Amino acid sequence: MEEVKASNFIEEIIEEDLRSGRCQSVRTRFPPEPNGYLHIGHAKSIVLNFGIAQKYSGETNLRFDDTNPETEETEYVEAIKEDIRWLGYQWARECYASDYFEQLYAFAEKLIRKGLAYVDDSSSEEIARMKGTPTEPGIESPYRHRTIEENLRLFREMREGKYRDGEKVLRAKIDMASPNMHLRDPIMYRIKHAQHHRTGNRWCIYPMYDFAHGQSDSIEQVTHSICTLEFVDHRPLYNWFIEQLEIFPSRQYEFARLNLTYTVMSKRKLLQLVNKGYVRGWDDPRMPTIRGLRRRGYTPESIRDFCERIGVQKRENIIDMSLLEFCIREQLNKIAQRVMVVLQPVKLILTNYPEHQVEWLSTENNPEDPSAGTRTVPFSRELWIESDDFMENPPKKYFRLAPGMSVRLKSAYIITCTGYEKDSEGRVHTVYAEYMPNSRSGDDQSGLKVKGTIHWVSVAHAIGIEVRLYDRLFTVENPDEQPGEFTDYINPHSLEIISQAYAEPSLAQAKPEDRFQFLRKGYFCVDPDSTPDRLVFNRTVTLKDTWVKELKKEISSSPLS
RNA sequence: UGCCCGAUAGUAUAAUGGUAGUACAGCAGAUUUUGGUUCUGCUUGUCCAGGUUCGAAUCCUGGUCGGGCAACCA
C-alpha cells in the first residue's frame with residue numbers, strides 16, 4: 001500500500017472512514033444532468049471524484065441525473081461522456097437515475113405505507129404559500145392527513161396517468177414548521193406528461209432531485225456523495241430519506257464550486273452567451289466549457305493539473321485566470337514544437353544578400369526537449385518580419401530593429417537596419433538591412449553581440465494562414481457582481497481575426513488539434529475549421545511578455561498621461 | 001433577521017495547541033540566438049473583541065462581514 005496523504009478535507013474524511021471501518025472501500029459518482037455541456041467547474045468535480053477513487057483504489061460511477069424529461073436530451077449525454085473521456089477518466093459504470101424509476105416508485109410507496117408521504121391536490125401556488133418563509137413556519141396542507149389507503153390509491157392513479165400535469169404531487173410528511181425549508185413536506189413526485197430521453201412515455205410521474213439523488217447513491221452503494229455547497233441545506237433531507245427507507249447509508253459532503261476571473265460559469269449564462277450570439281457556440285474557444293477549452297488548445301493534463309492546484313474547500317472562491325494560463329503554458333513549453341509565424345507582416349529586404357539564393361537553415365524544434373530534434377527553414381533575400389519588431393524612433397530599452405540597430409534573425413544572421421519606406425498613410429511597409437555573412441547561427445565568426453533576436457519567414461516560401469487571437473471574454477474580473485447585465489461587460493476585443501499571417505512552410509502538414517509555439521508570440525492550436533488549403537489557428541495563450549509591461553510603464557510614466 | 005455554511009498575503013491553498021509555509025500574480029536581478037524557459041532575491045497575510053492555555057490561525061464566547069435556503073429545476 002503506497003503512502004497517501006490527504007490533500008483536502010474530503011480526503012481526510014475518507015481516510016477516517018476507512019480507518020474507522022465505516023466503509024471498506026470508496027465509491028464516488030459524477031452526476032451531471034444531461035441538459036447542457038460540461039465546463040471547467042465540472043472538471044473540478046470530475047477530478048475530485050475520479051481522483052479520489054484512483055487514490056484510494058475505489059471506483060467512480062458516471063450517473064446521469066435525468067429526472068426532468070423536459071430539459072434533458074441524449075445529445076448532451078453523448079457530449080458529456082466524450083468530455084469526461086477526453087479529460088482522461090473512465091467510469092466504472094454508466095448509470096441513469098431513470099434506470100431506478102421503478103425502484104424509486106417502490107421506495108415512495110414504502111414511505112406512504114409508513115405514513116410518511118401523502119398525495120397533495122394543492123396547486124403549486126398554494127403549496128408555495130403554505131410553505132411559509134424562512135422566518136415564519138409553514139402551515140399544513142388540508143390533504144396532509146389522508147389515509148394510507150387513499151394515498152396509495154391516488155399515487156397509483158398518478159402513475160397510471162389519471163391526472164393532468166400539476167393536478168397532484170406526492171409529498172413527504174415531515175415538519176411544516178422546520179427551520180430548514182427543505183424539510184417542510186418536500187415534493188417527491190410531480191406529474192409530467194412528457195417524453196423522456198430514455199424511458200419514452202412509460203412514465204408520467206417523475207421524482208424530484210431530493211427523492212432521486214440520494215436514493216440513486218444508495219442503490220449504487222456510493223460511499224461518498226460529493227456535491228457543491230448549495231446542497232448543504234438538503235443534507236438533512238438526504239439523510240432522512242435514507243433512514244426512513246432503511247437503505248444503504250450513502251453520505252453527502254459539500255465543497256465550494258469553482259469560479260474563475262473574467263468569465264461566467266452558470267449554465268444559464270453560458271447558454272445566454274450562445275443563444276444571443278456573443279460566442280459562436282458551446283465550443284467557442286472563449287467559452288469556459290470543456291469543449292471550448294479543448295478547441296482553444298488546452299490539454300487534458302493542464303486542466304487536471306489546474307484542478308489539483310486550486311484545492312478543495314468550503315469557502316467561496318474566485319481563482320485567477322492566470323493560474324489556468326500558467327498550467328497550460330507550463331505543459332506546452334515542454335511539448336510544443338516551435339515554429340516561426342509572422343502575424344503582422346512588414347517586408348524586410350537584405351540588400352546585400354544575393355537575389356535568388358535560398359539557404360535551408362537548421363533550427364531546433366524545442367529547446368526544452370533536445371529529443372524533439374531539428375528542422376530546416378528556408379532563408380532568402382526578402383523576409384516577413386513582425387511590424388512591431390521595427391520602430392522608427394525606439395524608446396531606450398527597445399532592442400529590436402531601428403535605423404542603425406542590429407538584431408539576430410533567429411537561427412540565421414545578424415543584420416543591421418539601413419533604412420525603411422513608408423506608404424502614403426505613414427505606415428512602414430518595407431525595412432532595409434544588411435546581413436553579416438560571417439554571423440550565421442552555429443558558425444558565427446563575426447564576434448558581434450546583439451541584444452535582440454527576432455523571428456522571420458521567407459516571403460517566397462511563406463504559407464498564408466488564418467490566425468484567431470483570443471482574449472478574455474469579459475473586461476472585469478467578476479461579471480456576476482457588476483451592476484446591470486453581465487453581458488454589459490463582454491470584452492469587445494475578445495476575438496481578433498488575422499486573415500493572412502505568414503508561416504514557415506513546415507506548418508503545411510499540421511492537423512486539427514496539433515499544438516505549436518509560434519516563436520515569441522504564444523501557443524497556438526489548429527482549429528477544426530481548417531481545410532486542406534487553408535489552415536486556421538487559435539491562440540491558446542500568449543507567452544509571458546515582460547516587454548509589454550515595460551511599455552505600459554513607459555506610457556504610465558509619460559507626462560502625456 | 002429563522003436555519004445553514006464560511007472567513008489565513010492581490011488570488012488560491014497549507015499549518016489539525018508549538019518558528020505562519022507553498023503556488024499563481026507582482027517587483028528586482030542573473031542567464032538566454034524566443035523580452036520565452038530556467039535560476040536568485042524581495043514585497044504582501046491569520047476579520048474584530050474577550051476568554052482558556054506556558055503557548056491560539058487552530059479551542060470557547062460574543063460580534064462583524066460574505067454566501068446559501070421560501071422551483072412541481074438540479
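Protein chains get the first letters and strands the later ones, always in sequence-line order, with residue 1 at the start of each. Owing to the predicted nature of the structure, the values given are computational and were not obtained by experimental measurement. Just the heavy atoms: all of them, side chains too, but no hydrogens, waters or symmetry mates, feed the values below.
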List in chain and number order the residues that pass ring pair (Phe, Tyr, Trp, His ring centres under 6.0 Å) with A:F30, two or more places apart in sequence or in another chain; answer none if no residue qualifies. none
Contact class for A:G452 (heavy atom, under 4.0 Å): base, sugar-phosphate, or nothing? nothing
In terms of relative ring orientation, are A:Y502 and A:W384 parallel, tilted or perpendicular, with 30° and 60° separating the classes? parallel
Test of ring centre spacing under 6.0 Å for A:Y37 and A:Y76: yes
Heavy-atom nearest nucleotide on RNA chain B for A:T261 versus A:V548: which residue maps closer to 5'? A:T261
Once ring pair (Phe, Tyr, Trp, His ring centres under 6.0 Å) is applied, do any residues pair with A:F231, and if so which ones, sequence neighbours excluded? A:Y209, A:H234
RNA chain B in dot-bracket, Watson-Crick or G-U pairs under 3.5 Å, [ ] crossing, | other strand? .((((((..((((....[..)))).(((((.......)))))....(((((..]....))))))))))).....
Reckon A:F399 touches a base, only the sugar-phosphate, or nothing at all at heavy-atom distances under 4.0 Å? base
Measuring only the P atom in each nucleotide, how far is B:U11 from B:C48? A whole number of Å is fine. 15 Å
Expressed in whole Å, how much space separates the C1' atoms belonging to B:G45 and B:G26? 15 Å
Work out how far the C1' atom of B:U22 is from that of B:U44, and round it to whole angstrom. 15 Å
May I ask you to say what A:R408 touches in the nucleic acid, namely base, sugar-phosphate or nothing, with a heavy-atom cut-off under 4.0 Å? base
Looking at B:U33, I'd like to know if its phosphate oxygens (OP1 or OP2) sit under 4.0 Å from a side-chain N or O belonging to A:T363. no
State which of B:G35, B:U13, B:C24 makes the closest approach to the side chain of A:F326. B:C24
Protein N or O to nucleotides 27-30 of chain B N or O, pairs below 3.5 Å:
| from | atom 1 | to | atom 2 | distance (Å) |
| --- | --- | --- | --- | --- |
| B:A28 | OP1 | A:K553 | NZ | 3.4 |

Donor + acceptor pair across side chains of A:H197, A:D66 (<3.5 Å): yes
C1'-based separation of B:C69 from B:U1 [nearest Å]: 14 Å
Winner on side-chain proximity to A:T135, out of B:U34, B:U1, B:C5, is B:U1
With the side chain defined as heavy atoms from C-beta on, A:P367 is closest, among B:U34, B:U11, B:G6, to B:U34
Rounded to the nearest 0.5 Å, how far does CE of A:M321 lie from CG of A:L260? 5.0 Å
Side chains of A:V119 and A:Y143 in contact at under 4.5 Å (non-hydrogen atoms): no
In whole Å, what separates the P atom of B:U8 from that of B:A57? 15 Å
Applying side chain to side chain donor-acceptor pair (under 3.5 Å), can you list everything that pairs with A:D305, at least two apart in sequence or on another chain? A:R309
Answer yes if the ring centres of A:F64 and A:Y96 are under 6.0 angstrom apart, and no otherwise. yes
Integer angstrom distance from the P of B:G18 to that of B:U58: 12 Å
Under 4.0 Å, heavy atoms only, any strand: does A:R400 hit a base, just the sugar-phosphate, or nothing? base
Tell me whether the centres of the aromatic rings in A:Y435 and A:Y413 are closer together than 6.0 Å. yes
Say you pick atom C1' in B:A28 and the same atom in B:C65; how far apart are they, in whole Å? 37 Å
A:H224 side chain near A:I10 side chain, heavy-atom distance below 4.5 Å: no
Distance between the P atoms of B:A20 and B:G55, in whole angstroms? 16 Å
Does a side chain donor of either A:S7 or A:E11 reach within less than 3.5 Å of an acceptor in the other side chain? yes
Map A:Q517 and A:Q313 onto RNA chain B by nearest heavy atom, then report which one ends up closer to the 5' terminus. A:Q313
Under 6.0 Å between ring centres, would you say that holds for A:Y298 and A:F306? no
Assign a letter to each nucleotide of nucleotides 66-74 of chain B from its 5' end: B, base within under 4.0 Å of a protein heavy atom; S, sugar-phosphate only; -, no contact. -SBSBSBSB
A:S178 near the nucleic acid: base, sugar-phosphate alone, or nothing, with a heavy-atom cut-off under 4.0 Å? nothing
Is A:L543 touching bases, backbone alone, or none of the nucleic acid, heavy atoms closer than 4.0 Å? base
